[in-house]
Amino acid sequence: MLSCYREDFLAGPAYTVISTTHDEVVTPYQSQFLAGSAQQVTNITIQDKCPVDVIEHDQTPIDPVVQRLVSNALGRPPGLPADPAFQPSCI
């Protein structure tokens, strides 16, 4: 089976990928995920956190759930990606 996970990132910084299953720009949506250790990479699918949030690619910057996920990632200690266990409040 061909993996959709990519390994094209630099060692050192943390990476957080937030995707939507309703992405009409990046298809398949899993192709934006990165492979890497949990200490460096967190891949998040919005619908895994909030199943009824059916936003598309261009709506992600204004989506409150995405904003909470980004805030969580940016609030982490330097060098750590978003907490994969973080559960944003869903609307």
Side-chain angles (χ1 to χ4, degrees):
M1 182 174 174
L2 181 63
S3 172
C4 291
Y5 291 87
R6 298 170 38 176
E7 295 187 34
D8 57 354
F9 55 89
L10 299 173
Y15 296 87
T16 299
V17 177
I18 302 171
S19 65
T20 175
T21 59
H22 300 280
D23 201 319
E24 71 287 355
V25 176
V26 180
T27 58
Y29 73 92
Q30 300 96 329
S31 65
Q32 55 197 311
F33 291 159
L34 297 171
S37 72
Q39 291 78 27
Q40 189 178 16
V41 176
T42 298
N43 295 302
I44 300 169
T45 302
I46 296 162
Q47 288 74 30
D48 288 344
K49 299 293 183 178
C50 297
V52 298
D53 193 349
V54 293
I55 64 163
E56 296 177 0
H57 184 93
D58 63 336
Q59 298 166 326
T60 56
I62 60 169
D63 183 70
V65 173
V66 173
Q67 292 171 356
R68 290 180 190 101
L69 291 166
V70 169
S71 180
N72 171 261
L74 293 175
R76 303 275 289 165
L80 291 178
D83 178 358
F86 173 71
Q87 177 60 52
S89 58
C90 300
I91 48 174

Are Leu74 and Leu69 connected in a single hydrophobic cluster, I mean Ile/Leu/Val/Met/Phe/Trp/Tyr linked by side-chain heavy atoms less than 4.5 Å apart? yes
Of all heavy-atom pairs linking Asp53 and Ile55, the shortest is OD1-CG2, 2.9 Å
Taking every heavy atom of Glu24 against every heavy atom of Asp58, the minimum-distance pair comes out as OE2-OD1, 3.8 Å
Hey, is the main chain of Pro81 close enough, under 3.5 Å, to the side chain of Gln40 for a donor-acceptor pair? no
Would you confirm whether Thr16, through its side chain, and Ala82, through its main-chain N or O, come within 3.5 Å as a donor-acceptor pair? yes
Less than 4.5 Å apart, any side-chain heavy atom of [X] and any of [Y]?
| X | Y | value |
| --- | --- | --- |
| Phe33 | Val41 | no |
| His57 | His22 | no |
| Ser89 | Arg68 | yes |
| Thr42 | Asp83 | no |

To the nearest 0.5 Å, tell me how far Gln47 CD sits from Ser19 OG. 7.5 Å
Could you verify whether a donor N or O on one side chain and an acceptor N or O on the other, from Thr20 and Glu56, lie under 3.5 Å apart? no
Across all chains, not counting sequence neighbours, the side chain to side chain donor-acceptor pair (under 3.5 Å) partners of Thr27 are none
Applying disulfide (SG to SG under 2.5 Å), which residue pairs with at least one partner in residues 54-91 are found, sequence neighbours left out? Cys50-Cys90
Step by step, work out the side-chain contact (heavy atoms from CB on, under 4.5 Å) result for Ser31 and Val26. CA-CA 7 Å; Ser31 65; Val26 180; 3.5 Å; yes
Which residues, ordered by chain and number, are linked to Leu80 in its hydrophobic cluster, where ILVMFWY side chains connect at heavy-atom gaps below 4.5 Å, directly or through other members? none
Carefully, step by step, assess Ile44 and Phe86 under the rule side-chain contact (heavy atoms from CB on, under 4.5 Å). CA-CA 10 Å; Ile44 300 169; Phe86 173 71; over 6 Å; no
Could you walk me through whether Ile18 and Ile46 pass the side-chain contact (heavy atoms from CB on, under 4.5 Å) check? CA-CA 7 Å; Ile18 302 171; Ile46 296 162; 3.7 Å; yes
